[in-house]
Amino acid sequence: MSSSDSSPRGPSRVRVSILTLLVALAFAALAGTSLTWLGYQGLMIFQAPDKFAYDWRHALLSKREPTSRSDLALVMVADETLWAYPFQQPINRRLLASLVRALDQAGAKAIGIDLIFDRPTNPEHDQELINAIKSARTPIVMGALDYRDEENTGKIDLTFQRGFFEAAGVRIDGDRVGHVYFYNKKSRLDNLDQTVRFVAPKSNKTGDLRNSFAEALVATSGLPLHPIGEGGNIAWLQRTAADGSLAISEMIIPTQHRNPTPDEILPASLRRSLKDRIVIVGGIFPDRDRHLIPPSIADGRRVPGVWIHANIAAQLIDGRKLEKLSYYQEVLIVALVAFIAFVAGRYYRVKKYEVLVYVGGAVLLALIGMWLFWARGIILPSDTIFFAGLAGITIGHYSGWIARRLPFHGTA
Amino acid sequence: MRSAAWVAGLSVALLTVAATARAEIEVVAAKGVTLERGSKLPDDTVLDIPKGGDVRLLKQPGDAAYAITGPFKGTLQDYIDRCTGWRAWFSSGCGTAGGGDNLPVGGTRGLTKPE
């Protein structure tokens, strides 16, 4: 028996319909506020599909450069750079001094050093690096740690870092230092998401660095800087450009012996390719500083931190943004979907075809989410919307049954 | 006589244009292949990169940076043909694959100072 067959006729039917609409509106308001609140509190039980959809959006629809960018380059220290040295960490600072000199001679627009200087090494080598940084004509930006993670790591000592930077002529609270943190959001119902999705929010702790490494680097380079916003989503680049080249060129430095000269580190012929670029120096090792990012869903690749900084820098230069809906926008959309689903469940009996409806709804939601991401850079929260639809259809479907059991049913 | 000189001049001009337009590739790094770092090669050079090998190149003009991982045998243009558009998803060594399972290392390092 359909709901229309069972509904009372005449004035009472009108009253029940109005009542049903009021109930639908109340339900939609409740669903909109509660699901959005749960989402914001990290309490959505089934977040995995949302992250899955989000990550695939990045893997498939992130910006693809036409060819390698002409404003950024990575120069990386790897196993093949350090094979001749008796230890890898800290990276030999005489080697780094030669690298800095080579990049300075190459005419880079700015050099960013994404390495941590937390302890002394050979004093002679430390001094060589200090001299190389101090005497460089190219502005050099240092990646740095601060105290924001002390709650997790225990008390940390950054005395050496401060002294080293100051000796190199770089003020720790100046424009040429940026923190090297990324950000993972903790969900309250599952394990910490290991995927880097966000730039780190600004820290308000005294002594913490205000700017990220990428912000400091772009600002120092003189290129336009378009802020992303605190804790904003990183808008990734496809690793390969449309012509098959690397979107951000990567140069790994091999060495033949322990004391390579700047010319051996970077032959003159290769320096030309780094001229007028922001060059970020970092490490690429199999066991350190490797991170999952949303596009990793396609290939499982863990990218080095230096590549993430380069992506953030590219985003800051381009002014690309990925925007979440605001809290109230999400409440409205979730409530609207809940309302429509309730009415559809109540009057059109769509629960009869629930598999079709849910699968079709999920596909439609995914397609709309992909289009919004691709065309507008908007991240649609698919989990709250999907569950609003599911709850709306189910409760709308049984609302007739509930209404018939209300004391005033048919009394008008 | 004049027409012969004109044809000769045109040939020289065409050859010059062809030579100028011809792309070069510059070796940035090579692992598993004997290629000198910083050397320049004609862009029709056949690269024979074994499994585990890795060659980094700059294509000139433009300095587009390529990372080709082995096994691969062919020219840079062969790589580009194979690794652009939808074919990249189904070809190995194109930068869109190659992650897969990993073996995290359980070693540690830290900054914590004893109190």
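All values below come from the heavy atoms of this structure, side chains included, with hydrogens, waters and symmetry mates left out. First the proteins, then the strands, lettered A, B, ... as listed; each starts at 1. Everything numeric in this text was worked out from a predicted model, so none of it was measured.
Without hydrogens or angle criteria, A:Trp83 side chain to A:Thr255 main chain gives a donor-acceptor distance under 3.5 Å.
For B:Lys31, the part lying under 4.5 angstrom from a heavy atom of chain A is the side chain only. Contact annotation for A:Glu264: only backbone heavy atoms (N, CA, C, O) come within less than 4.5 Å of a heavy atom of chain B. Both the backbone and the side chain of A:Glu250 come within less than 4.5 Å of a heavy atom of chain B. Looking at A:Leu266, the atoms closer than 4.5 Å to chain B (heavy atoms on both sides) sit in the backbone and in the side chain alike. In this structure, the portion of B:Ala29 lying under 4.5 Å from any heavy atom of chain A is its side chain and not its backbone. Only the side chain of A:Thr67 comes within less than 4.5 Å of a heavy atom in chain B; its backbone stays farther off.
Chain B forms more heavy-atom pairs under 4.5 Å with one residue of A:Ser269, A:Ala247, A:Ser245, A:Pro295 than with any other, namely A:Ser245. Heavy-atom pairs under 4.5 Å with chain B were tallied for A:Ala268, A:Ala73, A:Pro267; the largest tally goes to A:Pro267. Top candidate by heavy-atom pairs under 4.5 Å with chain B, chosen from A:Met251, A:Arg290, A:Arg272, is A:Arg272.
In this structure, B:Leu57 and B:Leu47 have side chains that are in contact, with non-hydrogen atoms separated by less than 4.5 Å.
Considering every non-hydrogen atom in both A:Ala108 and A:Val279, the closest pair reads CB-CG2, 3.7 Å.
Ring geometry, A:His179 versus A:Tyr181: the interplanar angle falls from 30° to 60°, so the pair is classed tilted.
Remark: B:Asp54 engages B:Arg56 in a salt bridge, criterion side-chain N to carboxylate O under 4.0 Å.
For A:Arg271, the side-chain hydrogen bond (donor to acceptor under 3.5 Å, both in side chains) partners two or more places apart in sequence, or in a different chain, are A:Gln105, A:Asp263.
By the 6.0 Å contact criterion, NZ on B:Lys51 is open, its count of non-hydrogen atoms from other residues, nucleotides or ligands being 12 or less.
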